[in-house]
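Worth saying up front: this structure is predicted, and the values here are computed from it rather than measured. The first residue of the sequence shown is numbered 1, and numbering continues consecutively from there.
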Amino acid sequence: MTATLSGTELAAGIRAEVAAAAADLTAAGTPPRLAVVVATADESSAWYVRSIARAAQKTGIACSVVDLGETATSERIGAELAALSADPAVHGIILQTPLPPGAVFADLAASIDPAKDIDGANPLSLGRLAAGLPAHPPATAEAVLVLLDHHGIPLAGAHAVVVGRSTVVGKPAAHLLLQRDATVTVCHSRTKDLAALTRTADVLVAAVGRPELITAEHVGEDSVVIDVGTNPTPDGGLVGDVDAGSVTGRAAGLTPVPGGVGPVTTALLLQHTVASARG
Ligand code: NAP
């Protein structure tokens with residue numbers, strides 16, 4: 001029996017708390033504001049940005065989408081991030097990917113004021129996270145932990161295997177799991193015998209970007225599987241990095257896609273924005 005570890009109710013609860021905090025901040029003269037800097041015509045990116053803007057507006061957070069166009073130079077993007085960082089009316093900044101060819105995400109994200117870096121994109125934020133200092137973690141990585149906590153999954157002493165080592169998901173998720181006293185193994189495209197490692201996980205986090213890569217052969221009995229993957233399908237749907245059909249019946253728990261990590265990630269971005277507005 002595999003439990004569905006949904007994120008939708010959890011996300012709704014976070015959004016309700018955010019809405020109350022945003023109303024208090026607005027009444028006190030500090031209306032929270034989020035800015036999303038876009039330099040792409042990518043349709044799945046546009047869909048993601050629209051969903052953040054909608055969620056922000058529903059919770060009383062103003063959201064400006066600053067579309068610089070897909071031919072924007074690194075200088076232009078960096079200048080915009082610096083200007084938003086200096087603007088006292090802006091409390092949260094997101095730099096959307098993909099970026100124009102030649103633009104380096106980490107270099108540009110270094111222009112985001114760490115206090116407004118609500119998606120943990122500035123390399124300083126990841127460094128502070130690794131050093132155990134206060135920082136906004138990338139919202140997707142934090143969503144993994146918030147989901148595990150919400151569903152009562154114990155982490156201290158558990159073996160957590162993270163598949164993926166990106167700076168936005170895999171590495172920060174590994175740091176957050178370590179902070180919670182899990183024993184963490186990080187796998188990537190050069191890992192030998194992935195399935196032999198992942199089968200030993202109590203908690204398996206799939207953040208690969210390969211549709212349905214993780215199947216029953218990768219999953220130990222009674223393990224909990226968090227599927228971070230959001231891979232668009234030709235019919236306009238989404239599939240995760242986990243083959244849910246194959247894993248269901250073997251794992252103890254599995255997050256659905258959609259309805260798992262995704263809505264919690266968005267809710268946490270808003271939570272970080274009101275935290276930043278509170279100062
Ligand atoms: P990424 O930057 O492309 O990183 C993918 C990672 O997976 C890399 O570390 C790569 O290894 C590893 N990998 C690739 N193929 C592998 C294989 N066959 N076996 C083992 N490891 C493999 O992707 P990302 O930005 O971390 O995103 C991962 C997934 O999460 C994507 O599906 C993305 O859409 C999704 N995502 C979801 C949210 C959300 O809110 N739900 C937010 C962000 C991302 P190397 O380092 O060796 O190349």
Side-chain angles (χ1 to χ4, degrees), residues 18 22 25 30-57 59-131 133-143 166-173 175 230 265-279:
V18 168
L25 281 160
T30 310
R33 176 174 288 277
L34 170 64
V36 187
V37 174
V38 178
T40 176
D42 181 77
E43 186 42 44
S44 54
S45 162
W47 179 89
Y48 181 64
V49 171
R50 279 195 299 274
S51 74
I52 292 175
R54 251 197 324 271
Q57 275 143 14
T59 52
I61 296 175
C63 180
S64 328
V65 177
V66 183
D67 189 350
L68 302 176
E70 60 185 328
T71 58
T73 61
S74 293
E75 289 69 26
R76 177 75 188 88
I77 300 167
E80 188 62 42
L81 294 171
L84 291 166
S85 293
D87 183 346
V90 172
H91 307 100
I93 302 170
I94 295 172
L95 174 58
Q96 185 59 23
T97 56
L99 291 169
V104 178
F105 182 81
D107 282 348
L108 291 173
S111 301
I112 302 175
D113 176 351
K116 301 183 181 184
D117 184 25
I118 53 140
D119 203 14
N122 187 325
L124 271 181
S125 299
L126 183 60
R128 289 181 65 87
L129 182 67
L133 296 170
H136 290 299
T140 306
E142 189 184 9
S166 72
T167 49
V168 289
V169 193
K171 280 180 193 150
H175 285 298
T230 49
T265 298
T266 309
L268 290 175
L269 287 171
L270 305 178
Q271 187 187 67
H272 293 175
T273 305
V274 292
S276 164
R278 279 203 199 101

### Task
Go through the steps for Leu95 and Ile77 under the test side-chain contact (heavy atoms from CB on, under 4.5 Å), then give the verdict.
CA-CA 9 Å; Leu95 174 58; Ile77 300 167; 3.9 Å; yes

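With values rounded to the nearest 0.5 angstrom, Asp67 atom CG is found 10.5 Å from Gln96 atom CD. Between atom OG1 of residue Thr273 and atom CD1 of residue Ile94 there is a gap of 6.5 Å, rounded to the nearest 0.5 Å. Put simply, CD1 on Ile52 and OG1 on Thr265 are 9.5 Å apart, with the number rounded to the nearest 0.5 Å. The CZ atom of Phe105 sits 7.0 Å away from atom OG1 of Thr167, with the distance rounded to the nearest 0.5 Å. Rounding to the nearest 0.5 Å places CG of Asp119 at 10.0 Å from CG of Leu268. For the atom pair NZ (Lys116) and CG (Leu81), the distance works out to 11.5 Å, reported to the nearest 0.5 Å.
Of all heavy-atom pairs spanning Gly120 and Ser125, the tightest one is CA-CB, 3.9 Å. Closest approach of Pro123 and Ala109 over heavy atoms only: CD-C, 4.4 Å. Ala141 and Ala173 get closest at one heavy-atom pair: CB-N, 3.5 Å. Annotation for Cys63 and Ala56: closest pair CB-CB, 3.9 Å, computed over non-hydrogen atoms. Closest non-hydrogen pair, Ser166 versus Val169, comes out as OG-N, 3.0 Å. Between Leu99 and Ala103, the shortest heavy-atom distance links the atoms CB-CB, 3.9 Å.
Under a 3.5 Å cut-off, the side chain of Asp117 and the backbone N or O of Asn122 do form a donor-acceptor pair. Checked by atom type and distance alone, the side chain of Arg128 pairs as donor or acceptor with a backbone atom of Pro134 at under 3.5 Å.
Side chains of Ser85 and Ser111 form no contact here, defined as non-hydrogen atoms less than 4.5 Å apart. Val38 is listed as a side-chain neighbour of Val65, based on a closest heavy-atom distance under 4.5 Å. Inter-residue side-chain proximity for Leu108 and Ser74 is flagged as met; some heavy-atom pair is nearer than 4.5 Å. You'll find the side chain of Val274 stays beyond 4.5 Å of the side chain of Leu270, heavy atoms only. Within the 4.5 Å cutoff, no side-chain heavy atoms of Thr97 are placed close to those of Thr40. Between Thr30 and His91 there is a side-chain heavy-atom pair separated by less than 4.5 Å.
Leu129 pairs with exactly one of His136, His175, Lys171, Glu142 by the side chain to side chain contact (heavy atoms under 4.5 Å, CB included) rule, that one being His175.
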